[in-house]
Amino acid sequence: MLFLLAALGLACSAAAQSTSVSAYIASESPVAKAGVLANIGTEGSLSSGAYSGVVIASPSTVNPDYLYTWVRDSSLTFQALIDQYVYGEDPTLRSLIDEFITAESILQQTTNPSGTVSTGGLGEPKFNINETAFTGPWGRPQRDGPALRSTAIITYATYLWNSGNTSYVSDSLWPIIELDLNYIATYWNFSTFDLWEEIDSSSFWTTAVQHRALRQGITFANLIGQTSPVSNYETQAGDILCFLQTYWNPTGNYMTANTGGGRSGKDSNTVLASVHTFDPDAGCDSTTFQPCSDKALSNLKVYVDSFRSLYAINDGIASDAAVATGRYPEDVYYGGNPWYLCTFAVAEQLYDALIVWSSQGYLEITDLSLAFFQQFDSDVGTGTYDSGSSTYSTLTSAIRTFADGFVLTNAKYTPTNGSLSEEYTSADGTPISAYDLTWSYASALTVFAAEAGTTYGSWGAAGLTVPSTCTSGVAVTFEVDYDTEYGENVYITGSVNALENWSATNALIMSAADYPTWSITVYLPPSTTIQYKYLTQYNGEVTWEDDPNNEITTPASGSMTQVDSWH
Ligand code: NOJ
Ligand code: NOJ
């Protein structure tokens, strides 16, 4: 009897700290769905005061106050709900989706500190939950919002169009979608605050989701016969795809998350980008950073490894096993902690990769992805492994276990009632920061779907190639030799947006991979005369090169390397 009680006790606590992924998903999935719905006005039980269709980020009003609506969080949340509706998983969601779209169409028209609907206001990141502008100081604009919102609405509108609801789509939905797509086409090359609302530069996440939105927008506009903006969208999408390539750090083998900010650039920004631009028909394409691409796998390893020795709760975990991960290693928000949505995103990328390998019947290991795969079999070499081979089975089953480990890490730090906050502490895994974070729940829904092998349609990534001439930019590599002190870095800034407009604070950090040569590749306007300088930063001290400014004229197309000596 005693033994039985002890066993029952164990079973109870195991509800929170599940030992199997399937047990955790079974208990957490309904909590996550209910958690999302509770945070949507007006019916949601935790969203009192939120207008119809408005998604609150969290009910928390102090430490932090998240009782606002963010375009990013709301759109990612509704993407998950729209996928469930369109794929027949939950037919009850339709009126909620309609309410969301109405709410967003009101926010589009709400003049705010970023501008009016026609002067950049669509880049405003957050609003009050009664659909008025938030006028306090904030990191604005954040240009990912229109991309995420239009992608979600296009998914729904495509479904409605194909079910015969054509006039509603043309008359009511297209005008909302077109505003967002035009915003992307106009502003993608302007600097933006990143998704973490901290760095004003260019951001891989933002560029990647903008690219996806425009491509999906082109297919959709053609479908419904709204062809006039298509050729501009095509030109811009090609240029965005060019630009997307320039974030790659070829010495560190990862995607640099932001062009500014002076951090390592290792950031879940990039993992989230891979997951939210997953196209199950695009194979393991690296130019669009598909989850199974060599670049995205190499990047994933670098990102995950940056947290291994950073958080106490990761201590003692083997170097090939899952750990808790956060936004980026330098994060100090609430002390710098693991985030549920970041740790889930790692698992989701891996599950997405497994889906594609299984459907194409092979996996490929390149020089770039070798280090990732050698975590699971230190003897494996580059090559193509057919799904019948033992190497394929060994690797894919180890990778599934690895992926499951990230879900189980979050499971371990999920309280018994299943509620998901924004973060859990790096010291002992206690939930911290905003409670019942809508985005945490939405990220649970999407990773659980991926774990089950579910995919939600293509956006047109298959077969894309980087244009041979990038009309709005050319890749310029700058190199300068400089002997630095330990902890001192070399930066570049200059007269154009892409060089951060002479800002010392946002100057672009250069790579010392070939020390004492410092280098960086940036994407600059073609046939343009540009002035710039190098500077160093050391213990907060900025040292500029002497006058005069350096000057180059960029080529009309292609790329160039500029070798300078510090003066
Ligand atoms: C609030 C933002 O939402 C968060 O992302 C950021 O880390 C903090 N402000 C600190 O800048
Ligand atoms: C802070 C996060 O950094 C940001 O991405 C998010 O939009 C807000 N919190 C609201 O959840």
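All ligand and atom numbering here is 1-based and tracks the order in the structure. What you are looking at is a predicted structure, and each value in this text was computed from that prediction instead of being measured.
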Please enumerate all residues that pass side-chain hydrogen bond (donor to acceptor under 3.5 Å, both in side chains) together with [X], with sequence neighbours excluded.
{"X": "Thr536", "result": "Glu488"}
{"X": "Ser58", "result": "none"}
{"X": "Asp436", "result": "Tyr441"}

- Would Tyr247 and Phe204 count as a close aromatic pair, with their ring centres under 6.0 Å?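 Centroid distance Tyr247-Phe204: below 6.0 Å, so yes.
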- Message: Within the 3.5 Å criterion, strictly below it, is a donor on Asn501 or Ser503 matched to an acceptor on the partner's side chain?
- Response: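 Checked: Asn501/Ser503 side chains show no N/O donor-acceptor pair below 3.5 Å.
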- Message: Could you tell me if Asp428 and Thr425 have a donor-acceptor pair between their side chains, going purely by distance under 3.5 Å?
- Response: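 Thr425 vs Asp428: donor-acceptor pair found between side chains.
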Please tabulate, one line per pair, the protein N or O atoms found under 3.5 Å from any N or O atom of ligand 2, giving the distance to one decimal.
from     : atom 1 : to     : atom 2 : distance (Å)
ligand 2 : 3 (O)  : Arg327 : NH1    : 2.8
ligand 2 : 5 (O)  : Arg72  : NE     : 3.4
ligand 2 : 5 (O)  : Leu195 : O      : 2.7
ligand 2 : 7 (O)  : Arg72  : NE     : 3.3
ligand 2 : 7 (O)  : Arg72  : NH2    : 3.0
ligand 2 : 7 (O)  : Asp73  : OD1    : 2.6
ligand 2 : 9 (N)  : Tyr66  : OH     : 3.1
ligand 2 : 11 (O) : Asp73  : OD2    : 2.6

